[in-house]
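Below: the structure, in structure tokens.
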Amino acid sequence: MAIAISFDVETIRADFPILASSVHGKPLVYLDNAATTQKPRAVLDALTEYYTSSNANVHRGVHYLSGKATDQYEQARASIARFLGAAEPREIVFTRNATESINLVAQTWGRANIKAGDEILVSAIEHHSNIVPWYMLAAEKGAALRVIPMFDSGELDLEAFARLLTSRTKLVAISALSNALGTVTPVAEIIRQAHAAGAVVVVDGAQAAYHMPIDVRALDCDFFAVTGHKLYGPTGIGVLYGKAALLEAMPPWMGGGDMIASVTFEHCTWNVIPNKFEAGTPDIAGAIGLGVAVEYVSRIGMDRIQAYEQELLAYGTDALRQVEGLRIVGTAPRKASILSFVMDNIHPHDLGTIVDREGVAIRTGQHCAQPVMDRLGIPATARASLAMYNTRQEIDALVAALHKARKVFG
Ligand SMILES: Cc1ncc(COP(=O)(O)O)c(C=O)c1O
């Protein structure tokens with residue numbers, strides 16, 4: 001069956017040099033996109049161009065190169081603001097990754113606003129990055145961490161959510177898309193109900209940002225965390241979106257250069273947002289690279305990427321279901337292109353090792369989501385996660401490699 005939407009995957013693949021490589025003498029089939037995505041040539045070129053002809057520190061110099069680097073860094077912020085639908089670029093704070101973005105909220109908004117007896121609501125499908133910072137904050141403040149449960153399919157139990165939401169709930173921290181199961185959560189509805197109860201909402205968008213269009217204003221979320229390396233950008237750069245009024249009211253987190261307005265030994269005052277949260281020299285090249293990455297995907301169109309990936313997901317789901325002894329883990333009706341699975345009598349780690357010999361890169365383990373594994377009573381899964389440059393032929397290669405693994409393990 002032909003792909004129904006017009007989407008020239010071969011042209012896109014040609015933009016990603018690493019996809020033409022071989023591993024163990026076989027063409028690389030890269031299906032570990034939930035861990036990190038590959039980088040298009042436009043991003044690689046932007047990094048080289050920056051270090052070749054723009055390298056200087058930002059916000060500090062009067063000289064030409066410092067101005068050029070600052071312009072490129074701030075243009076990247078503007079591109080990311082547009083990509084996420086933020087009202088203005090100053091709502092975009094550069095961080096190292098989604099983990100740092102979430103910790104920033106916990107350490108600033110959280111420490112200023114969470115008190116003993118308050119409740120923080122997370123969900124059963126969260127990545128450790130959206131559990132541990134809240135666990136630490138709750139422990140420090142004498143607050144309680146409550147958990148929205150999930151069904152066996154990986155869907156959240158929204159009736160339980162409504163019951164858990166009380167006047168004690170001060171914060172809801174929720175992933176828009178589960179990295180371990182592929183579940184797309186009804187994040188807009190969760191935000192609406194949380195706001196009605198007076199709670200602030202942090203959305204972990206680490207996975208969602210490269211699988212679906214995001215509009216933080218339409219969602220009305222208070223904070224949205226993004227990690228650059230999953231969004232076809234460099235490692236070491238992430239983003240925290242925050243509503244301007246919230247960011248302005250928050251105390252700073254890390255102290256140092258750039259985040260201050262004035263410093264004496266007796267008294268320090270803080271810079272305006274977003275600089276207040278960007279202490280020290282930032283990852284300038286990384287920010288510029290991420291700006292180029294979001295321009296790149298925007299040219300293709302996140303809605304078209306989503307539609308293409310949904311077709312791949314349907315194809316992959318059917319193909320995997322036909323492998324003897326294989327069970328897909330995560331069967332929510334609304335999913336993104338992440339396929340977790342287990343196979344009878346074969347440990348996921350052994351599976352990963354055997355398919356790697358066939359050139360197929362998948363991930364095995366708990367996927368930084370131990371509570372998901374505990375809830376489902378399994379130690380680990382194998383996970384094939386698909387991105388916009390993957391093809392049906394690559395899914396066929398995975399299936400062929402899985403058949404080989406089945407033969408090896410009888
Ligand atoms: C849902 C989710 N949240 C957060 C993270 C953390 O991303 P990073 O390690 O880049 O901070 C990940 C990474 O796998 C993720 O999948």
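When a ligand or atom number is given, it counts from 1 through the structure's own listing order. Keep in mind the model is a prediction, meaning the values are calculated, not measured. Residues: numbered from 1 along the sequence shown.
Counting the atoms of ligand 1 from 1 in the order shown, those under 4.0 Å from a heavy atom of His127 are 1 (C), 2 (C), 3 (N), 4 (C), 5 (C), 6 (C), 12 (C), 13 (C), 14 (O), 15 (C), 16 (O). Close approach to Asn179 involves these atoms of ligand 1, each under 4.0 Å from a residue heavy atom: 16 (O). Near Gln207, meaning under 4.0 Å from any of its heavy atoms, are these atoms of ligand 1: 1 (C), 15 (C), 16 (O). Residue-ligand proximity, Ala98 to ligand 1, at heavy-atom distances under 4.0 Å covers atoms 7 (O), 11 (O).
Contact annotation for Thr227 and ligand 1: only side-chain heavy atoms (C-beta onward) come within less than 4.0 Å of the ligand. The part of Lys230 lying near ligand 1 is the side chain, judged by heavy-atom distances below 4.0 Å. With a heavy-atom cut-off of 4.0 Å, His229 touches ligand 1 through its side chain alone.
Side-chain N or O atoms of Thr95 include one that pairs as donor or acceptor with a backbone N or O of Asn97 at under 3.5 Å. In this structure, Thr37 contributes its side chain and Lys230 its backbone to a donor-acceptor pair below 3.5 Å. In this structure, the side chain of His211 does not engage the main chain of Ala209 through any donor-acceptor pair within 3.5 Å.
Using a 4.5 Å heavy-atom threshold, the side chains of Pro282 and Val58 count as touching. Side-chain contact between Thr391 and Arg13 is present, with heavy atoms from C-beta onward closer than 4.5 Å. At least one side-chain heavy atom of Phe16 sits less than 4.5 Å from a side-chain heavy atom of Met388.
Nearest protein neighbour of atom 6 (C) of ligand 1, counting heavy atoms only, is Ser129 OG, 3.4 Å. Nearest protein heavy-atom contact of atom 2 (C) of ligand 1 is Asp204 OD2, 3.4 Å.
Considering both main-chain and side-chain atoms, Ala206 never comes within under 3.5 Å of ligand 1 through any nitrogen or oxygen pair. Looking at ligand 1, you'll find an N or O of Thr99 within less than 3.5 Å of one of its N or O atoms.
For the residue pair Asn33 / Tyr389, a side-chain donor-acceptor distance below 3.5 Å is found, with atom types taken as modelled.
With values rounded to the nearest 0.5 angstrom, Ile148 atom CD1 is found 9.5 Å from Asp157 atom CG.
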